[in-house]
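Take a look at the structure set out below.
By convention in this document, chain letters (A, B, ...) are assigned in the order of the sequence lines, proteins followed by strands, and residues within each chain are numbered from 1.
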Amino acid sequence: MATITLPDGSTRAYPTTTTPQQVASDIGPGLAKAALGAKIDGILCDLSTEISRDCSLSIVTPKSRDGRVDADALFLIRHSCAHVMAEAIQRLHPGTMLVYGPPIDTGFYYDMAFPDGRAPSTDDFAAIEAEMAKIVAENRPFTRYELPAQDGMAKLQKEGSKFKIDNAQRAQEAGSSVFSFYATGTPGAHWEDLCRGPHVPATGRIGAFKVTSLASSYWKGDESLDRLTRVYGTAFATKPELEEYLRQIEEAKKRDHRVLGKQLRLFHIDEMVGQGLVLWTPRGSVVRQELQSFISEALKEQGYQQVFTPHIGKLDLYRTSGHFPFYRESQYPPIIEHDALARLAAEGCSCADLANRLASGEVDGYLLKPMNCPHHIRIFDSEPHSYRDMPVRLAEFGTVYRWEQSGEIGGLTRVRGFTQDDAHLFVREDQVAEEVLGCLALVKLIFGTLGMNDYRVRVGLRDTTSDKYVGDSANWDKAEEACRAAAKSLGVPFSQEVGEAAFYGPKIDFVVRDVIGRSWQLGTVQVDYNLPVRFNLSYTGADNKAHRPVMIHRAPFGSMERFVGVLIEHFAGAFPLWLAPEQVRVIPISDKSEGYAQEVLAALKARGIRATIDAGNERVQARIRDASELKIPYLAIVGPRDRDARVVSLRAFGIDANLGELPLDRLLDGVSDEYRSRGARTVRALMSPPGPRA
RNA sequence: GCCACCGUAGCUCAGUGGUAGAGCACACCCUUGGUAAGGGUGAGGUCGAGGGUUCAAUCCCCUUCGGUGGCUCCA
């Protein structure tokens with residue numbers, strides 16, 4: 001006897017056991033037909049799962065009640081499609097061993113071990129998809145059966161896949177006493193896989209799918225273990241949904257900062273200069289410079305002081321801070337002086353020997369700085385401080401260098417040399433909470449001005465089982481508590497992640513996504529009780545005794561490179577006026593109005609506006625098109641009529657119409673105001689909104 | 001760093017074992033045009049670099065540099 005509560009609150013009683021499929025049929029044939037799976041007490045299950053006790057039940061169908069694509073349905077479809085793909089690949093590539101094939105946000109993948117040289121290539125995708133289509137067309141049921149752990153293990157041993165045996169062992173360790181298998185059809189007669197499930201009722205319910213890409217992975221994500229081939233695919237309930245998804249991917253690619261950066265000539269990365277070393281072109285430098293001015297103004301208001309420090313420093317500095325030799329793999333190798341190098345060479349010192357002697361401190365050298373904090377610390381420590389002076393806030397757009405792995409470098413988001421909008425706050429312990437809040441306010445101001453609301457907050461805590469952190473645990477506890485409290489006060493949901501702390505302290509990170517869904521850390525605020533100890537920092541308290549300051553490291557943009565990269569994608573290259581490399585372009589209708597056009601240009605430039613003129617030998621239409629491809633915010637088009645009335649005909653990027661005539665004075669005032677107010681007020685707003693047909 | 005794929009004109013890309021092509025951009029000429037591509041002519045390439053196979057390599061093989069997608073890493 002089971003009483004089943006449905007999502008609308010109604011209940012149904014069943015005298016014996018039943019299944020979600022049965023319940024769906026009892027509710028209606030339409031639902032029964034649409035059903036892909038079920039949620040029993042909130043847990044996703046097969047439609048054939050037996051129900052023998054009271055529970056709540058909802059039937060999973062491709063579209064949820066609000067008409068949106070149902071996430072659970074996608075999960076079922078994709079997980080099932082992973083099986084279909086695995087079967088297809090095993091058919092085409094005999095000897096392939098399966099490892100793990102879960103659904104993911106954008107589809108699914110299956111990790112596989114191919115016999116030597118037998119891995120598929122992207123050329124094989126069509127054949128794999130054709131084979132999958134056959135399996136889908138056969139509409140074979142997903143049939144679940146269970147074996148006691150011992151029998152299941154014996155079966156897997158016989159089949160001989162160490163990967164599946166390992167999966168099973170881990171399931172067993174996690175407390176499973178039975179293993180479940182899913183056959184695509186009849187157990188024994190058809191393909192099957194050790195799998196927890198659940199799945200759609202039959203292969204035919206996978207509406208549309210595509211094999212998308214090929215990558216490598218490591219078994220259990222451990223690079224010392226087997227290297228596997230990961231085949232990615234995606235699946236949807238219907239073909240239009242798949243097509244829409246593929247279209248979105250194509251659209252996203254157009255926003256890619258690497259594509260736009262080239263198109264708009266914002267930056268250049270040159271193989272002759274080096275991987276991950278960004279060259280900022282004049283246009284891109286404008287964007288960066290405007291951002292730096294913006295933050296500098298905000299910093300001045302918050303009582304920061306600007307400093308400058310060199311790009312290198314002695315190894316001893318970084319030995320003291322703990323950066324060297326602890327993190328030497330992620331730094332450019334040390335720079336050694338000529339004399340020392342000659343002496344070592346004369347001694348016949350080997351490379352390995354040199355590395356050891358550098359690590360031990362027997363040989364000294366310089367390091368391209370991996371972080372700015374040691375330099376700032378030395379500035380703080382260069383003069384005595386009273387409790388009255390605190391906090392001391394030192395800010396610098398400081399360029400740092402890190403040896404990122406070659407395979408990880410790309411575009412502006414992961415580079416080897418980058419400039420942080422860095423600052424270090426030396427504060428009294430009673431000031432920590434307030435100063436952290438001040439840092440968060442800055443981050444909010446920046447994100448708010450730029451309209452970036454799609455970020456998440458992560459509080460990175462130490463992993464107490466790891467030895468990569470410095471400092472004593474009482475200080476860590478205090479710092480972690482300060483971060484948690486500050487994050488809470490933001491009023492934004494945040495996650496706490498163990499093992500995400502910096503080596504010297506916990507942190508609050510701001511994370512955004514790029515166009516292809518990858519997450520990037522931008523701004524960060526870190527509380528540090530440890531470096532002040534390592535550098536023996538102090539200030540004189542009201543009691544005339546030496547006290548230890550606390551440090552706060554913070555960089556609201558993270559790095560200028562990454563931030564601009566994300567910003568390019570955020571605006572799809574169409575920067576607001578204050579950031580735009582080119583703000584206004586003047587287009588004379590013909591030679592007859594060029595004189596006036598030059599006058600307009602000169603007036604704009606006199607107001608500090610980045611304006612250009614296109615008096616080229618092209619028709620107006622063509623020149624408008626050229627300007628819109630550069631995403632220039634405003635076009636001032638002038639002909640004889642405009643000249644006579646001393647107005648311009650205005651066009652704004654993104655509005656495919658003439659906004660009308662604007663007196664020259666109002667244009668100058670309006671553009672200046674939009675620029676200085678960073679978009680709080682706009683010229684566009686001065687114009688009467690264009691009608692349906694302007 | 002690992003695996004797969006890619007590298008042809010400034011850009012986007014086609015192509016072939018017999019030393020290369022398009023569109024856009026560029027230059028010049030014609031056109032003086034009122035809101036998203038007017039017309040013509042022309043210039044432009046050691047086919048990423050090095051080595052090998054071959055009578056002959058941009059194409060096949062190896063190495064290397066760079067890019068892309070993942071994996072791993074990211075103080």
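Between the side chain of A:Asn167 and the backbone N or O of A:Val99, at least one donor-acceptor pair lies under 3.5 Å. Formation of a donor-acceptor pair under 3.5 Å by the A:Arg283 side chain with backbone atoms of A:Leu264 is found in this model. No donor-acceptor pair under 3.5 Å is formed between the side chain of A:Arg414 and the backbone N or O of A:Glu404.
Annotation: B:G52 and B:U16 have their P atoms spaced 27 Å apart (nearest Å). The same atom, C1', is picked in B:C3 and in B:C60; the two are 23 Å apart, to the nearest Å. One C1' atom belongs to B:G10, the other to B:A4, and the distance between them is 30 Å to the nearest Å. For the C1' atoms, the distance linking B:G40 with B:A57 amounts to 39 Å, nearest Å.
Comparing A:Lys220 and A:Trp403 against RNA chain B, the residue whose closest nucleotide sits nearer the 5' end is A:Lys220. Both A:Lys262 and A:Lys592 lie close to RNA chain B; mapped to their nearest nucleotides by heavy-atom distance, the more 5′-ward contact belongs to A:Lys262.
A tilted orientation is assigned to the rings of A:Phe503 and A:Tyr327, their planes being inclined by 30° to 60°.
Among the duplex regions that RNA chain B forms, those built from at least three successive Watson-Crick or G-U pairs under 3.5 Å are B:1-7 with B:65-71, B:10-13 with B:21-24, B:26-30 with B:38-42, B:48-52 with B:60-64, ordered by first number.
Considering only side-chain N and O atoms, A:Arg651 lies under 4.0 angstrom from the phosphate OP1 or OP2 of B:A36. Between A:Gln275 and B:G67 there is a side-chain N or O to OP1 or OP2 distance below 4.0 Å. In this model, the phosphate group of B:G39 is not approached by any side-chain N or O of A:Arg619 to a distance below 4.0 Å at OP1 or OP2. A:Ser406 has a side-chain polar atom (N or O) that falls below the 4.0 Å cut-off from OP1 or OP2 of B:G1. For A:Arg258, a side-chain nitrogen or oxygen approaches OP1 or OP2 of B:G69 to under 4.0 Å. Considering only side-chain N and O atoms, A:Arg623 lies nowhere under 4.0 angstrom from the phosphate OP1 or OP2 of B:G33.
Across all strands, A:Gly411 comes closer than 4.0 Å only to sugar-phosphate atoms, never to a base (heavy-atom distances). Across all strands, A:Gln405 comes closer than 4.0 Å to base atoms (heavy-atom distances). Heavy atoms of A:Glu618 sit under 4.0 angstrom from at least one base atom.
The distance from atom CZ of A:Arg416 to atom C1' of B:C74 is 13 Å, rounded to the nearest whole Å. Taking atom CG on A:Asp124 and atom C1' on B:A4, their separation rounds to 12 Å, with Å as the unit. As a whole-Å value, the separation of A:Glu271 CD from B:G50 P is 13 Å.
Counting distance only, with no hydrogens placed and no angle test, the side-chain atoms of A:Tyr218 and the base atoms of B:G70 include no donor-acceptor pair under 3.5 Å. Taking 3.5 Å as the limit, the base of B:A4 and the side chain of A:Ser216 contain no donor-acceptor pair of atoms between them. The base of B:A37 lies close enough to the side chain of A:Arg625 for a donor and an acceptor atom to sit less than 3.5 Å apart. Judged by distance alone, with hydrogens and angles left aside, A:Asp642 brings a side-chain donor or acceptor within reach of the base of B:G34, the pair sitting under 3.5 Å. With hydrogens and angles ignored, a donor-acceptor pair under 3.5 angstrom links the side chain of A:Arg414 to the base of B:C74.
Here B:G34 is the nucleotide among B:C2, B:G34, B:G33 with the atom lying nearest to any side-chain atom of A:Ser649. Of the candidates B:A36, B:A37, B:G34, the closest approach to any side-chain atom of A:Ile637 belongs to B:G34. For A:Ala622, counting side-chain heavy atoms from C-beta on, the closest listed nucleotide (B:G38, B:A36, B:A4) is B:G38.
Using a cut-off of 4.0 Å between Lys/Arg side-chain N and Asp/Glu carboxylate O, A:Arg247 and A:Glu250 are scored as not salt-bridged. Looking at A:Asp111 and A:Arg227, no side-chain N of the basic residue comes within less than 4.0 Å of a carboxylate O on the acidic one, giving no salt bridge.
For the residue pair A:His424 / A:Asn372, no side-chain donor-acceptor distance below 3.5 Å is found, with atom types taken as modelled.
Under the 6.0 Å distance and 45° angle rule, A:Arg230 counts as a cation-pi partner of A:Tyr109.
Residue ring and base: A:Tyr327 counts as stacked with B:A75 (centre distance below 5.5 Å, interplanar angle below 30°).
Heavy-atom neighbours of A:Lys314 NZ from other residues, nucleotides or ligands within 6.0 Å: at or below the threshold of 12.
Only at 4.0 angstrom or more do the heavy atoms of residues 245-255 of chain A sit from any atom of RNA chain B, so none qualifies.
Here the rule is side-chain contact (heavy atoms from CB on, under 4.5 Å) with A:Val648, and of A:Leu635, A:Val600, A:Val586 only A:Val600 fits it.
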